[in-house]
Amino acid sequence: MALRGYLLAEVIERVGVGELDGHDFGGGEVVLFASGPDADALFATMSPVLRDLRYVARSG
């Protein structure tokens, strides 16, 4: 299944492993909150999407 280009929440729901409940930004970290009936399946679904992210850090 090609999921490139979908938002993380969409991927989680499309695969049917749970839902993304929210996030917290601060202190140079991002914490994601997700829930589903099988934590291993949820993590396995999220991991490739998170590894594929590209970001730009800007200062000042």
Side-chain angles (χ1 to χ4, degrees):
M1 177 183 296
L3 296 171
R4 185 182 213 100
Y6 286 96
L7 297 175
L8 183 59
E10 290 177 300
V11 171
I12 293 168
E13 290 179 20
R14 186 174 283 245
V15 174
V17 293
E19 64 182 341
L20 186 62
D21 297 328
H23 61 273
D24 187 22
F25 292 91
E29 294 182 338
V30 176
V31 177
L32 300 173
F33 301 96
S35 62
D38 182 340
D40 292 329
L42 181 57
F43 185 76
T45 299
M46 294 172 69
S47 293
V49 177
L50 294 172
R51 274 194 297 271
D52 194 43
L53 290 177
R54 305 290 184 257
Y55 66 92
V56 176
R58 299 173 193 234
S59 62

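This chain uses plain numbering: 1 for the first residue, then up along the sequence.
- For the side chain to side chain contact (heavy atoms under 4.5 Å, CB included) test, no residue two or more places apart in sequence or in another chain qualifies with A44.
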Identify each donor-acceptor pair in which a side-chain atom of residues 22-33 lies under 3.5 Å from a protein atom, sequence neighbours left out, and give them as a table.
none

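- Heavy-atom minimum distance, G36 versus L42: N-CD2, 4.0 Å.
- Hydrophobic clustering (side-chain heavy atoms under 4.5 Å, transitive across Ile, Leu, Val, Met, Phe, Trp, Tyr) groups L50 together with V17.
- Contact record, I12 with E19: CG2-N, 3.5 Å, taken as the closest heavy-atom pair.
- A side-chain contact (heavy atoms from CB on, under 4.5 Å) with T45 is found for exactly one of D38, D40, V11, namely V11.
- Here the closest heavy-atom approach between residue G18 and residue E13 is recorded as O-CG, 3.9 Å.
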